[in-house]
Amino acid sequence: MIKVENIRKRFGFKDVLCGVDFEVCNGETIVIIGSSGVGKSILLKNIAGLVKPDTGSVKIDAVDIVKCSPLELRETQKKIGYVFQEAALFDFLDIFDNVAFGLRTLTSLDEEEIKQRVVHCLSMVGLENIEHLKPSVLSGGMKKRVGLARAIAYQPKYILYDEPTTGLDPIMSDVISNLIINLKERLNITSIVVTHDMKSACKIADRIIMLYKGNIIFSGTPKETQNSKNEYVRQFVEGSSHGPILIDR
Ligand SMILES: Nc1ncnc2c1ncn2[C@@H]1O[C@H](COP(=O)(O)OP(=O)(O)OP(=O)(O)O)[C@@H](O)[C@H]1O
Ligand SMILES: [Mg+2]
């Protein structure tokens, strides 16, 4: 399981995370919502060990990745797939090698098995016959889906998705939502998903948490989120420019 305890992160004079606590049980899908710039991506990067918090701990299967040795951190990171907000593909590699990257470095599959897995994962995100292309010729939505294929290819225990449906058309967004559900049901993958897409959030989440001013101000099921009387949650769910969130800016 993932246990985040009292994480604080400051950049310059800005306190981005001010003591964030939450747990994700095995097989659970947690969705993180919150305004742009509130610290969702930084929180995910802290959980993946890509950014170190100033204080607090992040336990992945009981290993505190904030305090552990670099070797333990690397071993623990092998359990985590990460879908970056900006896709973050390797520009100098073609799509095949991008998706195969984790398979070659983290598994003992042979080239034929890798080929089958790459083609299968690309087809799961609706992409075919693009293996030979370089990332620079793909559309934004296609890059995003290659990033997804890369993260799921080696079937990590945990997947952290940073806005997996942003920039995708509504039909493809639903394909990706179904893919996240499918991975949970078939492989018991535990996920943390950052998204602004409330339709997707309500479809995939066991629990939705909302980040505001460095803290978690709400946690509930999709139904509780949609019916919440919390005025911050309500404003976000309704996508209204009127409410306390705007006043605070
Ligand atoms: N390396 C860094 N140095 C300085 N400030 C940073 C750094 N990384 C993030 N920040 C700041 O931390 C805050 C939170 O950034 P973050 O990317 O986590 O936002 P977000 O909630 O993911 O927003 P969005 O929904 O737009 O992606 C922002 O004010 C950002 O400028
Ligand atoms: Mg972000």
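Numbering of ligands and ligand atoms starts at 1, following listing order.
Below 4.0 Å from some heavy atom of Lys14 lie the following atoms of ligand 1, by number and element: 29 (O). Close approach of ligand 1 to His196 is summarised as follows: ligand atoms under 4.0 Å from at least one heavy atom of the residue are 25 (O). Contact atoms of ligand 1 toward Ser35: 21 (O) (distance under 4.0 Å to a heavy atom of the residue). Listed by number with element, the atoms of ligand 1 under 4.0 angstrom from any heavy atom of Ile42 are 8 (N), 9 (C), 18 (O). The atoms of ligand 1 that sit less than 4.0 Å from any heavy atom of Glu163 are 25 (O), 27 (O).
Residue-ligand proximity: Lys9 is placed with every non-hydrogen atom at 4.0 Å or more from ligand 1. Look at Gly12 and you'll find every heavy atom at least 4.0 Å from all atoms of ligand 1. Between Gly39 and ligand 1 there is a heavy-atom distance shorter than 4.0 Å. By the 4.0 Å heavy-atom criterion, Lys45 is excluded from the residues contacting ligand 1.
For residue Ser36, no N/O/S atom approaches the Mg ion (ligand 2) to within less than 2.8 Å.
Polar contact check, Gly37 against ligand 1: a nitrogen or oxygen pair lies under 3.5 Å apart. The shortest N or O to N or O distance between Val16 and ligand 1 is not under 3.5 Å.
Within 4.0 Å of atom 31 (O) of ligand 1, not a single protein heavy atom is present.
In this structure, Lys199 does not pair ionically with Asp174, as no charged nitrogen and carboxylate oxygen lie closer than 4.0 Å. The existence of a salt bridge linking Glu231 and Arg234 is excluded, since no basic side-chain nitrogen approaches an acidic carboxylate oxygen closer than 4.0 Å.
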